[in-house]
Amino acid sequence: EGVQTEHTAVIDNTYASEQSPKITDLRADFTEPGQSVAYSFYVYNAWEYDAYLKNINIDSTKECTAKDGALSNDATTAAAQQAKIAAACNGISISIAVGDDAAVSSTTSNINNHVLAAEGNGNTGFEPVVVTITYAAGSSVADTDFDVTFGDIVLNYSSQN
């Protein structure tokens, strides 16, 4: 199995307001289909009251770009390499799991009964979040090294269930 280069994605628990943690800088380097990379974070409830997860907004902007210097200087060859990167890119997806909920791979609204308890009474105020980027087995393979990046993910919480 190929060695994965580690990238640092970030969760900002203060984004926009205290109720919308934002995950940024999501990217992965893969060497072959069938690989995945997982980022683990925690969301934190700084309120005095319980917070309820209402929406998960996934910016599905996915960009697959050849690594610097990876493309041929020959325009025809470079175009073929770009086409293979685009085909491989189709096999790469992102998903997020918040707490014990099942992972979702697209924006999800109207979430009910998902509580992030306030700190105190034995509660930490924290909840785990795992973002997974997957290069599906059986996907197309590019003959050129490339990077894949994704848009941001924002978790919207409310004081109302």
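Listed here is the closest heavy atom pair of Ser105 and Ile58: C-CD1, 3.8 Å. For Tyr157 against Leu53, the heavy-atom pair with the smallest separation is CD2-N, 3.5 Å. Of all non-hydrogen atoms in Leu71 and Gln81, the two that sit nearest each other are CA-OE1, 3.3 Å. The minimum heavy-atom distance linking Trp47 with Asn45 is given by the pair N-OD1, 2.9 Å. When all heavy atoms are compared, the tightest approach of Leu26 to Gly151 is CD1-O, 4.0 Å. Across every non-hydrogen atom of Pro33 and Ala137, the tightest pair is CB-CA, 4.2 Å.
Asn57 and Thr107 form no side-chain donor-acceptor contact under 3.5 Å, judged by distance and modelled atom types alone. Tyr135 and Glu32 share no donor-acceptor pair across their side chains, judged by distance under 3.5 Å alone. Checking Asp59 against Thr61 by side-chain atom types alone, a donor-acceptor pair falls below 3.5 Å.
Residues Phe41 and Leu155 have side chains not in contact (no heavy-atom distance under 4.5 Å, counting atoms from C-beta outward). Residues Asn123 and Asp50 fail the side-chain proximity criterion, which asks for heavy atoms closer than 4.5 Å. Inter-residue side-chain proximity for Lys67 and Asp147 is flagged as met; some heavy-atom pair is nearer than 4.5 Å. Using a 4.5 Å cut-off on side-chain heavy atoms (C-beta onward), Ile153 and Val129 make no contact.
Within the model, atoms OH of Tyr52 and CG of Asn112 stand 11.0 Å from one another, a figure rounded to the nearest 0.5 Å. The distance from atom OG1 of Thr149 to atom CD1 of Ile92, rounded to the nearest 0.5 Å, is 10.5 Å. Annotation: the span from Ile94 atom CD1 to Ile23 atom CD1 amounts to 8.5 Å, rounded to 0.5 Å. Here the OG-CD distance, from Ser139 to Gln35, works out to 11.0 Å after rounding to the nearest 0.5 Å.
A distance-only check finds a donor-acceptor pair linking the side chain of Thr108 to the backbone of Ser106 [under 3.5 Å]. In this structure a side-chain-to-backbone donor-acceptor pair under 3.5 Å is present from Tyr39 to Arg27. Counting only distance, with no hydrogens or angles, the side chain of Lys54 and the backbone of Ile111 share a donor-acceptor pair below 3.5 Å. Asn161 contributes a side-chain N or O that, together with a main-chain N or O of Asn113, makes up a donor-acceptor pair within less than 3.5 Å.
Other residues, nucleotides and ligands contribute more than 12 heavy atoms inside 6.0 Å of the NZ atom of Lys62. For Asp68, the CG atom is loosely surrounded, since the number of other residues' heavy atoms within 6.0 Å does not exceed 12. In Asp100, the CG atom is not crowded: 12 or fewer heavy atoms of neighbouring residues, nucleotides or ligands sit closer than 6.0 Å.
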>> Pair Thr65, Phe146 - check side chain to side chain contact (heavy atoms under 4.5 Å, CB included), show working.
In response: CA-CA 5 Å; Thr65 52; Phe146 68 96; 6.0 Å; no

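Between Tyr42 and Phe126, the ring planes are perpendicular. Angles over 60° get that label, and only those under 30° would be called parallel.
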